[in-house]
Colleague: 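First the structure, then my questions, so here it is.
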2 protein chains.
Amino acid sequence: MTAPDEDEDAPRSGASTPPQRTPRGTLSREVLLDAAMEIVRIGGADAFSMRALGARLEVDPTAVYRHFRTKNELLDVLADILIAGDEPLPSTGDARADLRASLHQLRRSLLRHPTMAGVILRRPPGGRAYWERANHALGLLRGMGLSPEQATSAYQTLLFYSLGHVLSEARTLAAAVARDRRPSAPTATFNPPAHQLPDLAAAVPFLRADTAAQFDDGLDLIMGSLPG
Amino acid sequence: MTAPDEDEDAPRSGASTPPQRTPRGTLSREVLLDAAMEIVRIGGADAFSMRALGARLEVDPTAVYRHFRTKNELLDVLADILIAGDEPLPSTGDARADLRASLHQLRRSLLRHPTMAGVILRRPPGGRAYWERANHALGLLRGMGLSPEQATSAYQTLLFYSLGHVLSEARTLAAAVARDRRPSAPTATFNPPAHQLPDLAAAVPFLRADTAAQFDDGLDLIMGSLPG
DNA sequence: ACCTGAACACCGTTCAAGT
DNA sequence: ACCTGAACACCGTTCAAGT
C-alpha cells in the first residue's frame, strides 16, 4: 500500500563543516542567508533550523531573531533567492524561446536544492523575483499577440505546470537523498505497481529518465495551443 | 521584500474537542487515521503530531508506533486517502469529460484540507489511489486515440498542471487560515506589487476569484492540443 | 546596539518495563 | 499482545539580562 518507506527522517545531523568565525556585530541578513543556504546544501532541508544556523555561525541561536522575525520569514527570503536564480531573465527577441528558457531556469534553480523545493513551494509567494518572473513572462506572451486576459491564463497554466513538475521531481530526488543517507535501505527505484493496472503498465516504458526533456515535452504541449 | 508575514506558526493548540474513549486494545489503523484526519480538520496540518494523536485517543503517544512505523508512513496513508477522495472515478463514456472530471475530483479532494495539501504533495507518491487514478486517466487518453507514448506525456502534463494549481491554491488558503487564527493580523489580500511591473499590472484584473473556473481554463488550454 | 542564556512549551522516536 | 513511561536528542520563540 505504502512505498517501502525510506524515511526522510534520517539522522538530524547538525552540519559539521568548518564553521566560519563570526566576530561580534558581523551578523547580517546576507551572512545568515549564506549560512542557511550552506546548511541546506550540505544536509538538506531537514538539517536547517534556527539552532543549526546559530551553531554554524558560532552565535547564540536567538541572535538570528535580530534580523528575521521568524524562521518562515527567513525561508521566504531563501525561496525568493532560489526563484531568482543566478542567470538574467532571457531576452533574445524570440518570445517563445525566451518564455521556455525562463521556465527552464526556474526549474533548474529550484532543483539545485531538491530537498528545499517542497518546503519552499508550500509557502505563499510574495518575493520580488517571483513577481518579476511573472511580469517578464506576461510581457513575452503579450508580444506573441495574446490579449492581457489570454496572457494571464496562459501564464498561470505554464507556471502551475512548471511548479507541479518541479515538485514532482523534487520529492523523488529528496526521497533518494534520504535513502542514500541510510546506506542500508533498499534502492526502491520508481516502480509503480503496474500489476492489474494495464494502462499504467503500458505507460511505464515511456516514463522518461531525462526529466528535463520530459519537462520540455509538457511545455510543448501547452505552448502548442498558443498563437504566435 | 517579503510579504507582511502572517505566520502559519500560530498557536500550536492541541485539538481540544471531546476526545473519544478508547478502551484497551481498540487501537487500529482505521481509528488512528480517523483521529488524525479530525485533528487536521480542526486544527490544520500544524496541529497534527504523534503526541496530539495520542492525546486525542487518550492513549500514550508511543502506542501509535504499533500501527505505523513513522509519522511519515502515517502521512503517506493519509495522503492516499485524500487522493482517493470519496467519489468513484468517473466513467460516463465521454473520455474527455471523464478525464476532466477526474482531475477536478482530485483538486476538490486535496483542497478539502488545504493546510494538508502542501504537506502531502511534498511526499513521494506511492499509494494505491495515486496509481489507480493514473491508470484510469491513461485509459481515457488511449480511448481518445492517443498512443501509449502520447498518453503518457499528456497525462503527466495534465497531472503536473493539476498538482501545481492545487499547491498554489492550497498555500494561499493555508496562509489565510493561519491569518484568521491570529485575529489581529492584517487581511493582506493577494496583492502583487504591480508597481513598476506593467505587464503584471495588466494581468491583475484577470486573476480570477473563481479558482475552479481558472483551473478549468488551464485544462482547456492543455486538452485543446489533444486529438479526439 | 547587539548578543547571550535561561526558560517555555513543544517535537519524533526508542526501549525497557508493565499488565 | 498491547500499551505505558521515562528518556534522548531535538525544535521555535520570548524575554530579561549582560556587554
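In what follows, every chain begins at residue 1, and chains take the letters A, B, ... in the order their sequences are listed.
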Colleague: Go ahead and name the base partner of dA7(C); Watson-Crick or wobble counts if both distances stay under 3.5 Å, otherwise write none.
Modeller: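 Matched dA7(C) with dT13(D) under the 3.5 Å cut-off.
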
Colleague: Side-chain donor-acceptor pair under 3.5 Å between N72(B) and T70(B), yes or no?
Modeller: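 No donor-acceptor contact under 3.5 Å links the two side chains.
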
Colleague: If you assign P61(A) and R51(A) each to the DNA chain C nucleotide with the nearest heavy atom, which residue ends up on the more 5' nucleotide?
Modeller: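 Nearer the 5' end of the strand: P61(A).
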
Colleague: Would you mind reading off the distance between D60(B) atom CG and dA16(C) atom C1', rounded to a whole angstrom?
Modeller: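 Interatomic distance, CG of D60(B) to C1' of dA16(C): 13 Å.
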
Colleague: Expressed in angstrom and rounded to an integer, what is the separation of Y65(A) atom OH from dC2(C) atom P?
Modeller: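 Rounded to the whole Å, the gap is 19 Å.
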
Colleague: Salt-bridged, R100(A) to D216(A), with N to O below 4.0 Å?
Modeller: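 D216(A) and R100(A): salt-bridged.
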
Colleague: Whole angstroms only, please: what is the CG-C1' distance between D46(B) and dC11(D)?
Modeller: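 In whole Å, dC11(D) C1' lies 13 Å from D46(B) CG.
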
Colleague: Taking atom types as modelled, find out whether E132(A) and H136(A) have a side-chain donor-acceptor pair closer than 3.5 angstrom.
Modeller: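 E132(A) vs H136(A): no donor-acceptor pair found between side chains.
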
Colleague: Which one, dT14(C), dT4(D), dG12(D), comes nearest to the side chain of K71(A)?
Modeller: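 Per side-chain heavy atoms of K71(A), the pick is dG12(D).
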
Colleague: In this structure, how many angstroms lie between the C1' atom of dC3(C) and the CE atom of M50(A), rounded?
Modeller: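 Checked: the CE to C1' distance equals 15 Å.
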
Colleague: Side-chain N or O of T62(A) less than 4.0 angstrom from OP1 or OP2 on dT13(D)?
Modeller: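 Indeed not, no polar side-chain atom of T62(A) lies that close.
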
Colleague: Searching all strands shown, indicate the nucleotide that pairs with dC2(C) (Watson-Crick or G-U wobble; both distances under 3.5 Å).
Modeller: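 Paired with dC2(C), as far as the under-3.5 Å criterion goes, is dG18(D).
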
Colleague: In whole angstrom, give the distance that lies between atom CZ of F68(A) and atom P of dT13(D).
Modeller: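 For the pair F68(A) CZ and dT13(D) P, the rounded distance is 13 Å.
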
Colleague: With rounding to the nearest 0.5 angstrom, report the OH to CG distance, Y155(B) to L103(B).
Modeller: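 The OH atom of Y155(B) sits 7.0 Å away from the CG atom of L103(B).
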
Colleague: Under a 3.5 Å cutoff, is there a donor and acceptor pairing between the side chains of R133(A) and Q105(A)?
Modeller: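 Note: R133(A) and Q105(A) side chains meet the donor-acceptor criterion.
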
Colleague: Round to a whole Å and report the spacing from NE2 of H67(B) to P of dT13(C).
Modeller: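 Going from H67(B) (NE2) to dT13(C) (P), I get 16 Å.
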
Colleague: In whole Å, what is the span from the CG atom of N72(B) to the P atom of dC11(C)?
Modeller: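 It is 16 Å, rounded to the nearest whole Å.
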
Colleague: What's the CG-P distance between L57(B) and dC3(D), to the nearest Å?
Modeller: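 Rounding to the nearest Å, CG of L57(B) and P of dC3(D) are 11 Å apart.
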
Colleague: I'd like the C1' distance from dC11(D) over to dC8(C), given in whole Å.
Modeller: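 Roughly 12 Å separates the two C1' atoms.
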
Colleague: Of R66(A) and S49(A), whose nearest nucleotide on DNA chain D comes first from the 5' end?
Modeller: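 Here S49(A) is the residue nearer the 5' end.
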
